[in-house]
Colleague: 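Quick one: this structure, given as structure tokens, is what I'll be asking you about.
Just so you know, ligand 1 is whichever comes first in the structure, and atom 1 is the first atom listed for that ligand. The first residue of the sequence shown is numbered 1, and numbering continues consecutively from there.
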Amino acid sequence: MAADDVWTTVDDYLVGELVAEDEALVAARELGRERGLPPIEVAPNQGAFLALVARMAGARRVLELGTLAGYSTIWLARAVGAHGHVTTVELDPRHAEVAQENLARADVGERVEIAVGPALDVLARLAESGTEPYDLVFLDADKANMAAYLELALRLTRSGSVIVGDNVVRRGAVVDPSSDDPSVQGSRAFLHALGNDPRLEATALQTVGSKGWDGFAIARVR
Ligand code: SAH
Ligand code: DHB
Ligand code: MG
């Protein structure tokens, strides 16, 4: 068996044992496929991981960059509970429209606001507006701007808030300092900032599974 196949087989096993994906989550992924959105949502066990991080952090307010069809958004919205709030930012209005349908079906539409626009603009606007701090930020939009998103996230969080970044390994591509891929350079700048900013304590983990070989970075605001 090729490595990717065995990773997927193990993921299927882990998900079967541990992750209860209900109809709304399955339907969210499927509607994304039906409408031609790219199949780049987190895996079920990764969604459950994000939800656990949110619960462990006691998160009531979550900020997500990159909504896609709302699959990870549903996990996060469930994790914050009925009195919690998720702000999720999406550049593509067609993605936002699919996500809105999926969130309504999952019955979390009321606790989620989809902000449509470039994340840099939306975050700058949120920071200007002096909004209440977020307890958890999930960075999963374009990777070229990861370092800028981190800087803005620090204006939107408090001591103890958690920041998670997706896709920081990209099949190992992240180790190439001369890469001409803006996603790689963005992830590298992000990781460098995480490791060198005195306001943060952070680490990163490689992952394999149904989404291939990738990784998460996780940080806590001091
Ligand atoms: N978090 C989702 C996956 C997000 S995929 C999940 O796991 O279910 C990345 C998304 O980021 C795509 O929908 C893409 O349209 C969006 N995106 C890309 N560039 C963006 C930008 N500059 N601002 C906001 N969203 C962006
Ligand atoms: C891509 C984006 C993601 O957020 C992800 O988890 C996987 C792939 C992409 O743009 O290719
Ligand atoms: Mg991602």
Side-chain angles (χ1 to χ4, degrees), residues 4 11 19 21 24-33 35-51 53-54 62-79 86-103 105-106 108 112-126 136-150 152-153 163-174 179 181-187 190 204-218:
D4 286 55
D11 252 6
V19 183
E21 236 192 347
L25 281 164
V26 174
R29 185 173 45 239
E30 284 174 356
L31 189 63
R33 297 291 187 281
R35 302 278 175 89
L37 276 52
I40 55 174
E41 72 286 333
V42 293
N45 47 344
Q46 294 175 331
F49 170 75
L50 292 173
V53 170
V62 170
L63 174 63
E64 174 181 67
L65 305 192
T67 315
L68 193 66
Y71 181 82
S72 56
T73 320
I74 293 172
W75 278 104
L76 291 166
R78 288 176 171 171
V86 178
T87 304
T88 183
V89 185
E90 175 54 54
L91 178 65
D92 188 328
R94 292 164 307 165
H95 295 187
E97 201 177 296
V98 175
Q100 195 68 67
E101 275 183 54
N102 283 330
L103 294 167
R105 179 176 26 220
V108 293
V112 179
E113 184 206 347
I114 307 179
V116 181
L120 281 177
D121 296 357
V122 175
L123 263 57
R125 183 158 47 72
L126 282 172
L136 172 71
V137 181
F138 177 45
L139 302 177
D140 195 22
D142 60 307
K143 304 308 181 284
N145 288 311
M146 283 293 266
Y149 296 150
L150 177 63
L152 284 158
I163 299 171
V164 177
D166 196 18
N167 311 115
V168 297
V169 173
R170 284 293 173 82
R171 296 195 160 260
V174 71
S179 171
D181 180 345
S183 299
V184 168
Q185 291 301 345
S187 294
F190 173 64
L205 293 171
Q206 301 187 66
T207 56
V208 295
S210 58
K211 295 287 161 174
W213 171 25
D214 216 322
F216 287 109
I218 187 163

Colleague: Do Phe138 and ligand 1 have an N or O pair less than 3.5 Å apart?
Modeller: no
Colleague: Between Gly32, Ala99, Ala96, Gly66, which one has a non-hydrogen atom sitting closest to atom 11 (O) of ligand 1?
Modeller: Gly66
Colleague: Note the single closest protein heavy atom to atom 7 (O) of ligand 1, along with its residue, its atom name and the distance in Å.
Modeller: Val42 N, 2.9 Å
Colleague: What about Asn145: any of its N or O atoms under 3.5 Å from an N or O on ligand 1?
Modeller: no
Colleague: What do you reckon, does Arg170 put a non-hydrogen atom under 4.0 Å from ligand 2?
Modeller: yes
Colleague: Apply the side-chain hydrogen bond (donor to acceptor under 3.5 Å, both in side chains) test between Ser210 and each candidate in Asp4, Asp11, Asn45; give the one that qualifies.
Modeller: Asp11
Colleague: Keeping the roles fixed (side chain from Asp214, backbone from Thr207), state whether a donor-acceptor pair exists under 3.5 Å.
Modeller: no
Colleague: Hey, what do you get for CD1 (Ile74) to CG (Asn102), rounding to the nearest 0.5 Å?
Modeller: 5.5 Å
Colleague: Contact between Arg33 and Glu41 at the side-chain level, heavy atoms closer than 4.5 Å - yes or no?
Modeller: yes
Colleague: Have Ser72 and Glu64 got a donor and an acceptor in their side chains that come within less than 3.5 Å?
Modeller: yes
Colleague: Going by the atom numbers of ligand 2, which of them fall below 4.0 Å from some non-hydrogen atom of Lys143?
Modeller: 3 (C), 4 (O)
Colleague: How about Asn167: does one of its N, O or S atoms come closer than 2.8 Å to the Mg ion (ligand 3)?
Modeller: yes
Colleague: Can you sort out which atoms of ligand 1 are near Glu64, meaning under 4.0 Å from one of its heavy atoms?
Modeller: 1 (N)
Colleague: Tell me the protein heavy atom at minimum distance from atom 8 (C) of ligand 2, and give that distance in Å.
Modeller: Ile40 CG2, 3.5 Å
Colleague: Which is it for Glu41 and ligand 1 at heavy atoms under 4.0 Å: side chain, backbone, both or neither?
Modeller: both
Colleague: What do we get for Thr67 next to ligand 1 when only non-hydrogen atoms under 4.0 Å count, side chain, backbone, both or neither?
Modeller: backbone
Colleague: Considering only the protein, which heavy-atom contact is closest to atom 12 (C) of ligand 1, and what is its distance?
Modeller: Glu90 OE1, 3.5 Å
Colleague: Residue-level breakdown please: for Tyr149 versus ligand 1, do any non-hydrogen atoms fall below 4.0 Å on the side chain, on the backbone, on both, or on neither?
Modeller: side chain
Colleague: Against heavy atoms of Asp142, which atoms of ligand 1 measure under 4.0 Å?
Modeller: 18 (C), 19 (N), 20 (C), 21 (C), 22 (N)
Colleague: So which N/O/S atom does Asp166 have closest to the Mg ion (ligand 3)?
Modeller: OD2
Colleague: Atom 5 (S) of ligand 1: which protein heavy atom is closest, and how many Å away?
Modeller: Ile40 CD1, 3.6 Å
Colleague: Less than 3.5 Å between some nitrogen or oxygen of Asp214 and one of ligand 2, yes or no?
Modeller: no
Colleague: Of all N, O or S atoms in Asp140, identify the one at the shortest distance from the Mg ion (ligand 3).
Modeller: OD1
Colleague: Any side-chain heavy atom of Val112 within less than 4.5 Å of one from Thr88?
Modeller: yes
Colleague: Is the shortest heavy-atom distance from the side chain of Leu103 to the side chain of Thr73 under 4.5 Å?
Modeller: yes
Colleague: Output the list of atoms in ligand 2 that are nearer than 4.0 Å to some heavy atom of Asp166, sorted by atom number.
Modeller: 6 (O)
Colleague: Would Glu41 count as a contact of ligand 2 if the rule is a heavy atom under 4.0 Å away?
Modeller: no
Colleague: Would you say that more than 12 heavy atoms from the other residues, nucleotides or ligands in this model lie under 6.0 Å from the CD of Glu21, or not?
Modeller: yes
Colleague: Does the side chain of Tyr71 reach to within under 4.5 Å of the side chain of Leu31, using non-hydrogen atoms?
Modeller: no
Colleague: From the options Ala144, Ala119, Ser72, select the one whose nearest heavy atom is closest to atom 2 (C) of ligand 1.
Modeller: Ser72
Colleague: Verify, without hydrogens or angle tests, whether Glu90 (side chain) and Leu68 (backbone) share a donor-acceptor contact under 3.5 angstrom.
Modeller: yes
Colleague: Less than 4.5 Å apart, side chain to side chain, heavy atoms only: is that true for Leu123 and Leu63?
Modeller: yes
Colleague: Tell me the protein heavy atom at minimum distance from atom 6 (O) of ligand 2, and give that distance in Å.
Modeller: Asn167 ND2, 2.7 Å
Colleague: Please could you name the atoms of ligand 1 that Gly117 approaches to less than 4.0 Å, counting only its heavy atoms?
Modeller: 23 (N), 24 (C)
Colleague: Among Leu120, Ile74, Leu91, Leu68, which one puts a heavy atom closest to atom 25 (N) of ligand 1?
Modeller: Leu91
Colleague: Just so I know, are the side chains of Val137 and Tyr149 near enough to count as touching, which here means a heavy-atom distance under 4.5 Å?
Modeller: no
Colleague: Is it true that Phe216 and Phe49 have ring centroids separated by less than 6.0 Å?
Modeller: yes
Colleague: Going by the order shown, which atoms of ligand 1 are within less than 4.0 Å of some heavy atom of Pro118?
Modeller: 23 (N)
Colleague: For atom 9 (C) of ligand 1, which protein heavy atom lies nearest, and how many Å away is it?
Modeller: Asp140 O, 3.2 Å
Colleague: Got Thr67 and Gln100 here, is their nearest side-chain heavy-atom distance under 4.5 Å?
Modeller: no
Colleague: Taking 4.0 angstrom as the limit, do Glu30 and Arg35 come out as a salt bridge?
Modeller: no
